[in-house]
Visitor: 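Sending over a structure as structure tokens; questions will come in a sec.
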Amino acid sequence: MSHEPISSGDINPRDVLDIDALLDDEERLLRDTVRSFVADRVLPHVADWFEAGTFPREMATEMGALGLLGMHLEGYGCAGTSAVAYGLACLELEAGDSGTRSFVSVQGSLAMYPIWAFGSEQQKLEWLPRMATGDALGCFGLTEADSGSDPSSMRTHARSDGPDWVINGTKMWITNGGIADVAIVWAQTDDGVRGFVVPTDTPGFTANNIPRKLSLRASVTSELVLEDVRLPGDAVLAGVVGLKGPLACLNEARFGILFGAVGAARACYESALDYAGERKQFGVPIASFQLTQSKLVEMMVQVNRAMLLALHIGRMKDAGSVRAEHISLGKFDNVRMALDVARSARSVLGANGITLEYPVMRHMNNLETVSTYEGTNEIHTLILGQAITGISAFN
Ligand SMILES: Cc1cc2nc3c(=O)[nH]c(=O)nc-3n(C[C@H](O)[C@H](O)[C@H](O)COP(=O)(O)OP(=O)(O)OC[C@H]3O[C@@H](n4cnc5c(N)ncnc54)[C@H](O)[C@@H]3O)c2cc1C
């Protein structure tokens with residue numbers, strides 16, 4: 001039996017379990033690069049973007065120059081990184097703002113990925129290199145006003161007309177819709193659901209931005225209207241038929257979210273930790289109250305546990321052993337963890353916690369969206385319930 005001494009070194013409150021040691025040099029370098037980008041280019045401005053309800057388009061080319069767009073894809077100007085590296089980038093971006101991470105998730109996992117996985121060589125060559133640099137932006141149109149958790153009920157329809165396709169329908173809640181150059185639109189056809197690559201300057205296509213959001217404000221969310229949009233026969237994504245196409249894309253994006261949520265939670269925990277050390281009441285820092293310490297410890301444990309979960313699922317993805325259910329588990333648990341941490345951090349900040357001077361309530365509001373999109377917590381519960389019981393409880 002070995003009796004190794006317990007290390008006497010100091011605990012780092014920002015990485016209590018020394019998870020940093022589980023990353024390799026390349027992963028740490030990428031993480032540090034994205035962290036500095038967020039510190040320099042996102043954090044100084046994001047409160048203003050959030051207040052104004054905008055996402056500046058020029059951020060796209062800056063993120064493209066860093067290799068963050070479609071970064072986990074191979075070829076066509078994409079960086080071809082590991083899944084863990086992609087996850088760590090999402091984590092650092094979401095520590096800035098869920099809107100920034102959403103931009104990257106939509107561009108890489110929901111717009112570039114379907115072209116990369118299911119598109120023709122011509123579609124890949126036309127779009128992917130420009131999308132990797134951020135010169136062309138993409139969006140992903142699956143949800144409709146009456147078709148959310150159940151995309152099989154979508155009404156958008158594409159019919160063939162001679163050599164062409166003609167699409168009619170309306171998509172709702174589409175991230176990047178109003179700034180996109182190309183929309184991946186999923187529509188019913190006589191053969192089942194199919195994906196179409198729709199340049200947004202095609203006659204009959206309009207995007208209307210959705211105003212008055214209280215969540216994910218530093219992100220463009222739009223309605224897409226397609227009225228007799230006529231496209232050439234080769235605009236279809238030939239490599240997939242049926243809902244497995246959009247679901248494969250969602251899996252890619254959900255993977256980014258299960259890391260990203262850790263970033264939002266970490267930002268809230270660190271903000272509460274710093275604040276509790278500085279803010280004095282009853283003549284002492286509020287960090288000296290047992291009740292505050294209890295909140296901080298709970299947050300720290302939750303963030304560390306979620307990070308280990310994300311890293312584990314990331315390593316499974318890189319090893320080729322991850323299943324959609326594993327990604328559901330990560331998305332489900334890490335997003336609810338982040339919401340819990342954000343709410344607790346908000347209480348530590350007292351009145352200051354409700355302002356944009358601190359990141360906490362912005363993250364908290366954003367996380368309401370993150371918990372709804374890419375499969376609500378209820379839908380992921382049903383996916384996992386089916387996985388462990390063998391019984392579908394979807395309807
Ligand atoms: C800011 C934002 C950005 C988005 N970006 C995109 C995008 O880029 N592209 C895109 O296609 N979509 C996008 N979405 C849409 C998002 O994916 C949907 O909102 C989501 O799928 C849920 O659909 P819904 O809002 O219609 O809710 P509904 O499906 O109507 O669900 C309402 C409630 O009922 C519950 N529910 C539904 N079915 C069941 C069931 N079988 N059992 C138990 N409970 C159930 C849900 O969990 C939820 O709590 C975005 C949404 C937001 C808010």
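Ligands are counted one by one from 1 in listed order, and the atoms in each one are counted from 1 as well.
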Visitor: Starting from atom 12 (N) of ligand 1, locate the nearest protein heavy atom and write down its residue, its atom name and how far away it is, to 0.1 Å.
Guide: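 Scanning the protein heavy atoms, the shortest distance from atom 12 (N) of ligand 1 goes to Thr143 OG1, 2.7 Å.
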Visitor: State whether the side chain of Thr372 and the backbone N or O of Glu368 hold a donor-acceptor pair below 3.5 Å, judged by distance alone.
Guide: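 Looks like yes, one N/O pair under 3.5 Å.
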Visitor: Which residues pass the ring pair (Phe, Tyr, Trp, His ring centres under 6.0 Å) test with Phe118, sequence neighbours left out?
Guide: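 With sequence neighbours excluded, Phe118 shows a ring pair (Phe, Tyr, Trp, His ring centres under 6.0 Å) to no residue whatsoever.
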Visitor: Please check: side-chain N/O of Thr133 versus main-chain N/O of Arg130, any donor-acceptor pairing under 3.5 Å?
Guide: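 Checked: pair present.
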Visitor: What's the shortest distance from atom 2 (C) of ligand 1 to any protein heavy atom, and which residue and atom give it?
Guide: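 Scanning the protein heavy atoms, the shortest distance from atom 2 (C) of ligand 1 goes to Thr369 CG2, 3.7 Å.
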Visitor: Run the numbers for me: atoms of ligand 1, each under 4.0 Å from some heavy atom of Leu142, listed by number.
Guide: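 So the answer, numbered in order with elements, is 11 (O).
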Visitor: Among protein heavy atoms, which sits nearest to atom 41 (N) of ligand 1, and what does the distance come to when rounded to 0.1 Å?
Guide: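 Closest protein heavy atom to atom 41 (N) of ligand 1: Phe394 O, 3.1 Å.
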Visitor: For a quick check under 3.5 Å, do Thr175 and Tyr373 share a side-chain donor-acceptor pair by atom type?
Guide: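 No, because no side-chain N or O of Thr175 sits under 3.5 Å from a partner of the opposite role on Tyr373.
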Visitor: Could you give the distance from CG (Leu329) to NE2 (His312), rounded to the nearest 0.5 Å?
Guide: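 Between Leu329 CG and His312 NE2, I get 9.5 Å after rounding to 0.5 Å.
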Visitor: For Glu62 and Arg41, run salt bridge (Lys or Arg N to Asp or Glu O under 4.0 Å): C-alpha distance rounded to whole Å, both residues' side-chain angles, the deciding distance at 0.1 Å, then the answer.
Guide: CA-CA 9 Å; Glu62 293 188 33; Arg41 298 293 298 125; 2.7 Å; yes
Visitor: Strictly inside 4.0 angstrom of atom 33 (C) of ligand 1, do you find any protein heavy atom?
Guide: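 Under 4.0 Å from atom 33 (C) of ligand 1, zero protein heavy atoms found.
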Visitor: Considering non-hydrogen atoms of the protein only, which is the closest contact for atom 24 (P) of ligand 1, and what is the distance?
Guide: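 Checking every protein heavy atom, the shortest distance to atom 24 (P) of ligand 1 gives Gly148 CA, 4.0 Å.
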Visitor: Test your reading of the structure: does Thr221 have an N or O sitting under 3.5 Å from an N or O of ligand 1?
Guide: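 Thr221 vs ligand 1: no N/O contact under 3.5 Å.
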Visitor: Return the closest protein heavy atom for atom 19 (O) of ligand 1 as residue, atom name and distance.
Guide: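 Answer for atom 19 (O) of ligand 1: Thr372 CG2, 3.7 Å.
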Visitor: Do me a favour and list the nearest non-hydrogen protein atom to atom 8 (O) of ligand 1 with residue, atom name and distance?
Guide: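 So the nearest neighbour among protein heavy atoms is Thr175 N, 2.9 Å.
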Visitor: Between Ser36 and Asp32, is there a donor-acceptor pair closer than 3.5 Å when you use the side chain of the first and the backbone of the second?
Guide: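 Confirmed, Ser36 side chain pairs with Asp32 backbone.
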Visitor: Distance below 4.0 Å between atom 49 (O) of ligand 1 and any protein heavy atom?
Guide: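 So far as the 4.0 Å threshold goes, atom 49 (O) of ligand 1 is in reach of a protein heavy atom.
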Visitor: Looking only at distance, does Glu378 have an N or O less than 3.5 Å from an N or O of ligand 1?
Guide: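 Between Glu378 and ligand 1, an N or O pair is found under 3.5 Å apart.
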Visitor: For the pair Gln123 (side chain) and Ser120 (backbone), establish whether a donor and an acceptor sit closer than 3.5 Å, ignoring hydrogens and angles.
Guide: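 Yes: the side chain of Gln123 pairs with the backbone of Ser120.
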Visitor: Side chain, backbone, both or neither: which applies to Trp173 and ligand 1 if a contact is any heavy-atom pair less than 4.0 Å apart?
Guide: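 Both backbone and side chain.
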Visitor: In sequence, state the C-alpha distance, the side-chain angles, and the governing distance for Asp20 and Arg31, and then conclude on salt bridge (Lys or Arg N to Asp or Glu O under 4.0 Å).
Guide: CA-CA 10 Å; Asp20 197 60; Arg31 190 262 327 262; 2.8 Å; yes
Visitor: Identify the two heavy atoms, one from Val38 and one from Pro44, that lie closest to each other, and give their separation to 0.1 Å.
Guide: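 For Val38 and Pro44, the tightest heavy-atom pair comes out as O-CD, 4.2 Å.
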Visitor: Which residue and atom name correspond to the protein heavy atom nearest atom 46 (C) of ligand 1, and how close is it?
Guide: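 Minimum-distance protein heavy atom for atom 46 (C) of ligand 1 reads Thr376 OG1, 3.7 Å.
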Visitor: Suppose we measure from atom 31 (O) of ligand 1 to each protein heavy atom; which comes out shortest, and what is that distance?
Guide: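 Nearest neighbour among protein heavy atoms for atom 31 (O) of ligand 1, to 0.1 Å: Ser149 OG, 3.8 Å.
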Visitor: Contact between ligand 1 and Leu382 is defined here as a heavy atom of the residue under 4.0 Å from a ligand atom; is it met?
Guide: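 Yes, Leu382 has a heavy atom closer than 4.0 Å to ligand 1.
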Visitor: For Ile174, is at least one N or O under 3.5 Å away from an N or O on ligand 1?
Guide: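 No - when backbone and side-chain N and O of Ile174 are compared with those of ligand 1, no distance drops under 3.5 Å.
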